[in-house]
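Contents: one structure, followed by commentary.
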Amino acid sequence: MEQAPRDPERQLQPAPLEPLGHPDAGLQAAVSEEAEGARDEGSGEGTMTENNFWLKKIEINVSEAEKRTGRNAMNMQETYTAYLIETRSVEHTDGQSVLTDSLWRRYSEFELLRNYLLVYYPHIVVPPLPEKRAEFVWHKLSADNMDPDFVERRRIGLENFLLRVASHPILCRDKIFYLFLTQEGNWKETVNETGFQLKADSRLKALNATFRVKNPDKRFTELKHYSDELQSVISHLLRVRARVADRLYGVYKVHGNYGRVFSEWSAIEKEMGDGLQSAGHHMDVYASSIDDILEDEEHYADQLKEYLFYAEALRAVCRKHELMQYDLEMAAQDLASKKQQCEELATGTVRTFSLKGMTTKLFGQETPEQREARIKVLEEQISEGEQQLKSKNLEGREFVKNAWADIERFKEQKNHDLKEALISYAVMQISMCKKGIQVWTNAKECFSKM
Amino acid sequence: MDMNSFSPMMPTSPLSMINQVKFEDEPDLKDLFITVDEPESHVTTIETFITYRIITKTSRGEFDSSEFEVRRRYQDFLWLKGKLEEAHPTLIIPPLPEKFIVKGMVERFNDDFIETRRKALQKFLNRIADHPTLTFNEDFKVFLTAQAWELSSHKKQGPGLLSRMGQTVRAVALSMRGVKSRPEEFMEMNNFIEIFSQKINLIDKISQRIYKEEREYSDEMKEYGPIHVLWSASEEDLVDSLRGVARCLDQCCKATEKRMSGLSEALLPAVHEYVLYSEMVMGVMKRRDQIQAELDSKVEALTYKKADTDLLIEEIGKLEDKVECANNALKADWERWKHNMQNDIKSAFTDMAEENIHYYEQEQIVDFLQLQND
């Protein structure tokens, strides 16, 4: 069974909007060409639709893969695969498509794009890339990144990634994404100029927050558990599936040996010869049918793998929330302590330990003027702190609201996609059974004629 | 379904059995029914061995009764085979299951081994019963009917071990000569059986390998279904789909087990019997060659007037008869054997194909149902 090629019509709005949380985009607004948002998986169903006032539709294809050699950052020769991305705009009225842009990208550039999106859209469940290295391999598949089957599956995965981004109501409007599709040279520099790497949260900071946060939103805690379970169950499933595929391959291929031996045997038989010979042929057909069957199954496995990696994207959103929440808690704590200090200075009571208090004891009490000065400083800090806390609170709530909206969108997408994948798996199995019935019916006929 | 062997659960009346069974060459005349069952372990100070119960039901006049029950051990079967080979050197005697299985055996007497052997022993006896000549062999009758002590005393009669060994040594020397003067038709037979033996051995190995691969596939599948159930625990909207897939996979597992048991009950024993049969046939060819060689050496002696001419001519006369008998016996039996082989192989493989069709049909039904639910 063939996987329907995933290149529905995609919308693309070149006009950028400022990504959430990023104060200065530094990006130019392009001519506003409006686009339509609908995800079409070949069945005509859309998961999201936007106002239909966009005039042009865009198609995105990752149509080719090519082996190339070049020099890497350390001036050493390397071999890599480049992928051709073609973007077409589709005239609404007559459905004709015109090639508007065509450029080559390699996997590392996709990674760069995604890392950028992760930094600038921390409240979005950012679509994952296909795996960097082949995992969950069974013996026939090569774990080599240059293997043509792997490259082919990666090509499809990259196309899927672009389509997911392009069909996301917020991500599709990003300028860097637009440039990724349209500006071959200099794109890397443009991305790096945004300075996104500097704005990324450090892993250590995030880990710290995860442990120390006191009051994260319960929904995010649950989401985190869910994503852990999802990741664990899908990896388990993929591992077993790979083993099952391996065994199934063995069963089919051994039958192929019958073909050869029957053929040799038929040479000495007068009456049985024809039957043996033709039965042998069917055994060969049976044995070779497994290759296509398992290739189709590999596409199914890739669909599951996407959601395996999506689990990580979910966790990233949770981590960001924890980080923001922790930040908020720290700021509140800091503010409270400053207020207390101020109060103590004002009333003269010393309840909290402070360095000033110690030095006062050691070096003598400070003058009233000095105390006034300190109180003033603290009051300024407190006022600043209160402002900051207010805005952090606001930011935090905005984040939770927007993140949760995207998570709901993601959940619907996931349920839809996984259900379809499971159905397609059942269809694949049926097709395999059909082939099996046909081959063995033919073989049986040959045997009965012996 | 072609039945050359029986399950022990057969009705008692021999006449009613005639109507139920379709067999090799005498559809209406089968009057001897044999079952082998109830393996029992016996432990003595010297050894441990297994005996099998053999029930014979017959309507033949030369048997004193219509039903017999005896216990025999593998050694007794070996004795019977030896006697049959002696009495009919150029008939194709059915094969016995191997003495030991070399590979993969932990205990000599594990259950699978005993069951496989029991089935093969039953087949052996029924093949003899169905053979137009062998079925009337006296030793065969004794084997089926005599009590233990009667059998022991019967065994002690006949040519001793030493004389048999002496014959063997001479036979080897003669067989080389016999090959050279082999008539055309027996050359063909020999070529056939050599290639057939190769091929059937390969098919035996392939079939065993398929069984092994299916076993491993089934083992992995056992784990595959439950994962989907586990997953459904954390997904609200996908519960039905996931459980549906799990059901399919479990059904697939069961269907695979059935396919495997079909293999082990029908195809594997049938193919393996012919592996052993081909060895028997090659042995028969050799013996024919030896008999031929005996004649040829006497004829040569006559040519060179090495010994008493009159005596030689008499001996040659006898040997010519012997050779002619042997050749005719073999030719007839060869045709019969080939015919049976064709039927047995055809039937075994047709059944295997049928099992496979059934397997895929089952799976398909389950998958369709799963789709409908979605």
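Numbers restart at 1 for each chain; the letters A, B, ... are given by sequence-line order, proteins then strands.
- For A:Leu276, no part sits under 4.5 Å from any heavy atom of chain B, backbone or side chain.
- Contacts of B:Arg215 with chain A are absent, with no heavy-atom separation under 4.5 Å from either backbone or side chain.
- Taking OG of B:Ser234 as the start and NE2 of A:His225 as the end, the distance is 13.0 Å to the nearest 0.5 Å.
- Residue contact with chain A, scored on non-hydrogen atoms closer than 4.5 Å, involves the side chain of B:Glu235 exclusively.
- Chain A forms the most heavy-atom pairs under 4.5 Å with one residue out of B:Ile203, B:Ile210, B:Leu242, B:Val245, and that residue is B:Ile210.
- Both the backbone and the side chain of A:Tyr258 have a heavy atom closer than 4.5 Å to some heavy atom of chain B.
- In terms of modelled atom types and a separation under 3.5 Å, the side chain of A:His321 and the main chain of A:Phe220 share no donor-acceptor contact.
- Within a 6.0 Å radius of CD in B:Glu236, no more than 12 heavy atoms belonging to other residues, nucleotides or ligands are found.
- If you measure heavy-atom distances from B:Phe196 to chain A, the contacts under 4.5 Å come from both the backbone and the side chain.
- Residue contact with chain B, scored on non-hydrogen atoms closer than 4.5 Å, involves the backbone and the side chain of A:His255 alike.
- When heavy atoms are compared at a cutoff of 4.5 Å, B:Tyr359 does not approach chain A at all.
- At a threshold of 4.5 Å between non-hydrogen side-chain atoms, the residues B:Glu223 and A:Arg243 count as touching.
- Your options are B:Glu216, B:Glu363, B:Met221, and the one with the most heavy-atom pairs under 4.5 Å with chain A is B:Glu216.
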Exercise for review: Show your working on salt bridge (Lys or Arg N to Asp or Glu O under 4.0 Å) between A:Glu312 and A:Arg315 and close with a plain yes or no.
Suggested key: CA-CA 5 Å; A:Glu312 177 56 40; A:Arg315 267 212 297 281; 2.9 Å; yes

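- Interface check for chain A: of the options B:Ile200, B:Asn191, B:Ile345, the most heavy-atom pairs under 4.5 Å are formed by B:Ile345.
- Counting only distance, with no hydrogens or angles, the side chain of B:Thr90 and the backbone of B:Ala326 share a donor-acceptor pair below 3.5 Å.
- Interface remark: B:Leu202 contributes side-chain atoms only to the contact with chain A (heavy atom separation under 4.5 Å).
- In this structure a side-chain-to-backbone donor-acceptor pair under 3.5 Å is missing from B:Asn190 to B:Phe186.
- Here B:Asn356 is the residue among B:Asp237, B:Ile195, B:Leu238, B:Asn356 with the most heavy-atom pairs under 4.5 Å with chain A.
- For chain B, the option among A:Leu418, A:Leu230, A:Leu237 with the highest count of heavy-atom pairs below 4.5 Å is A:Leu237.
- Neither the backbone nor the side chain of A:Lys411 has a heavy atom closer than 4.5 Å to any heavy atom of chain B.
- With rounding to the nearest 0.5 Å, the separation of CD1 in A:Ile124 from NE2 in A:His168 is 4.0 Å.
- If you measure heavy-atom distances from B:Lys338 to chain A, the contacts under 4.5 Å come from the side chain alone.
- Neither the backbone nor the side chain of B:Ile365 comes within contact range of chain A, judged by heavy atoms closer than 4.5 Å.
- Looking only at distances, a side-chain donor or acceptor of B:Lys346 sits under 3.5 Å from a matching main-chain atom of A:Ser448.
- Side-chain polar atoms of A:Glu420 and A:His416 form a donor-acceptor pair below 3.5 angstrom.
- Side-chain atoms of B:Glu213 and A:Tyr249 form no donor-acceptor pair, as typed in the model, at a separation below 3.5 Å.
- For A:Glu229, the part lying near chain B is the side chain, with the backbone staying farther off; criterion is any non-hydrogen pair under 4.5 Å.
- The parts of B:Ser207 that come within reach of chain A are both its backbone and its side chain, each placing non-hydrogen atoms under 4.5 angstrom from that chain.
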